[in-house]
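Order of the sequence lines sets the chain letters (A, B, ...), proteins ahead of strands, with each chain counted from 1.
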Protein chains: 2
Amino acid sequence: MKAKAKSDETRARILAAAMELFQRQGFEETTMREIAAAAGVATGAAYYYFDSKDAIVLAFYDQSQQEMEPLLDAALASARNLKGRVGALLEVKLQYFEPNRRLLGTLAAHADPEHRLSPFSAQTEEMRKRDMQFFERALTGSRIRVNSELGQHLPRILWMYQMGVILFWIFDRSAAQRRTRLLVEKSLGIIVRLIQISEFPLLRPVRRMVVDLVETVMSD
Amino acid sequence: MKAKAKSDETRARILAAAMELFQRQGFEETTMREIAAAAGVATGAAYYYFDSKDAIVLAFYDQSQQEMEPLLDAALASARNLKGRVGALLEVKLQYFEPNRRLLGTLAAHADPEHRLSPFSAQTEEMRKRDMQFFERALTGSRIRVNSELGQHLPRILWMYQMGVILFWIFDRSAAQRRTRLLVEKSLGIIVRLIQISEFPLLRPVRRMVVDLVETVMSD
DNA sequence: TCTAAAACTTGAACACGTTCAACTGAACAT
DNA sequence: ATGTTCAGTTGAACGTGTTCAAGTTTTAGA
């Protein structure tokens, strides 16, 4: 038991040292040798605990997801309508990641699902599933009812929307990322409105086309 | 004039050597030393002509855009309805980039507009503008008329849509990228339909929200 | 307590992208 | 012809992420 704890502690120390250096001087400007030295271990040790420099960022992301779960629970409890619920989820994430906003860009660079560090890869599937459940709860706990086949796809669609917002935010260079806040405010309104009117008879053809599209794209 | 021509020829030789190696053994697996050797110059020479390894890919992309222009002209001449016109533009691009599909992933890795190699950076603005004009022509040459304020934003929206399709295609691992073809077929139908019905009174509020959103996001 | 295996640690070594001071030779003015 | 300039060229050297053979420490079974 001693060893496990010590190993965990070393790993945590390396991760913490890396995050502080990344935050202070940026990802590219920080070397693995610096990280190891700051953590008080040899260069090779960092590679014993992390597959690569990028993998450290993924570990941070993973840790963040766990730490955010109670905050996301609270966010869902704070509002009843869909716009408020999804908006609260997004606000938690943006606030949590704020100190490391630039750092997430290194993850965004891996859109390739083949890449281990991609948010779309098989390795990150577990995280993805858990994350989508919050959007499922955002929907089921709201007053909106979607009876058509569109309903079952909405959690995934909202999750994808979230990924787009975060990507926009990472590269948003406006002061305090105000543009992202505007984007969220306005786009959420559109999405909720679209979901509401999606059951109108007039939009039935479009709705079916969208469902068809989503099912095609998601199929393996 | 002799000197200029010789310089151009050397640059072209390095670019060609790089592209052949990238195609045969992949981007990561090809070293700058190999490229220089294949082009019959010293390693440093490659850096005299190209700022970096990534910059070679951008040069290829730039060259591609120029070579594709007549093909895109022909594509616009091949159809009258919007779906056919935009679909033809996309088909030209996908076919042209087919041999180097994986390579484009290295460009997609730079979503950061701050990065010189990003398709959204200031350095690539000229290319972007020229490209958007094809979508403007796709619209004006079609039978669709959009009278609302939405009209002026449609070329940019279609261009962004194109970027999304190409990104999807780059990482599409289905055989012969069939899923991308399905995505295009189905999503184009949705887009055209949405544009058509966007002038309906019922959708006026949503239309205004979308325009407002686009204007907010595009503002500097 | 002893010992073999497993877990962990080390820092030199490797291959890579990139830089740079030094060199070459063609073009041109005098 | 000679000198001057400068675009073009060179390959060694630098700093980086990463690997690895060799060590050290810890665990666990006898």
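- The side chain of B:Ala42 lies closest to D:dG11, out of C:dG17, D:dG11, C:dT9.
- Using a 4.0 Å cut-off between charged side-chain N and carboxylate O, A:Asp8 and A:Arg13 make no salt bridge.
- At D:dG11, none of the side-chain N or O atoms of B:Thr43 fall inside 4.0 Å of OP1 or OP2 (strictly under the cut-off).
- When the P atom of C:dA7 is taken as reference, atom CZ of A:Arg11 falls 16 Å away, rounded to whole Å.
- Salt bridge A:Arg181/A:Glu185: absent, no basic N to carboxylate O contact under 4.0 Å.
- Rounded to an integer number of Å, the gap from B:Lys6 NZ to C:dA27 P is 9 Å.
- Between A:Tyr48 and C:dT9 there is no side-chain N or O to OP1 or OP2 distance below 4.0 Å.
- When rounded to the nearest whole Å, the span between CG of A:Asp54 and P of D:dT18 equals 7 Å.
- Residue B:Lys53 has its side chain nearest to C:dG17 when only D:dT18, C:dT9, C:dG17 are considered.
- For the OP1/OP2 pair of D:dT18 and a distance below 4.0 Å, the side-chain nitrogens and oxygens of A:Tyr47 include at least one atom meeting the criterion.
- Annotation: cation-pi pair B:Lys53/B:Phe27 present, NZ/CZ under 6.0 Å from the ring centroid and within 45° of its normal.
- The CG-C1' distance, from A:Asp51 to D:dT18, rounds to 11 Å in whole Å.
- For B:Arg156, the CZ atom is loosely surrounded, since the number of other residues' heavy atoms within 6.0 Å does not exceed 12.
- Remark: P of D:dG17 and CZ of A:Phe50 are 15 Å apart, rounded to the nearest angstrom.
- We find that B:Arg101 and B:Asp172 are not joined by a salt bridge, their nearest charged nitrogen and carboxylate oxygen being 4.0 Å or further apart.
- Among the protein residues, A:Tyr49 comes within range of the sugar-phosphate backbone only, with heavy atoms under 4.0 Å from sugar or phosphate atoms but none that close to a base.
- When rounded to the nearest whole Å, the span between CE of A:Met32 and C1' of D:dC20 equals 15 Å.
- Contact annotation: A:Ser7 side-chain N/O to C:dC8 OP1/OP2 distance is under 4.0 Å.
- The nucleotide whose nearest atom lies closest to any side-chain atom of B:Arg33 is, among C:dT18, D:dT18, C:dT10, C:dT18.
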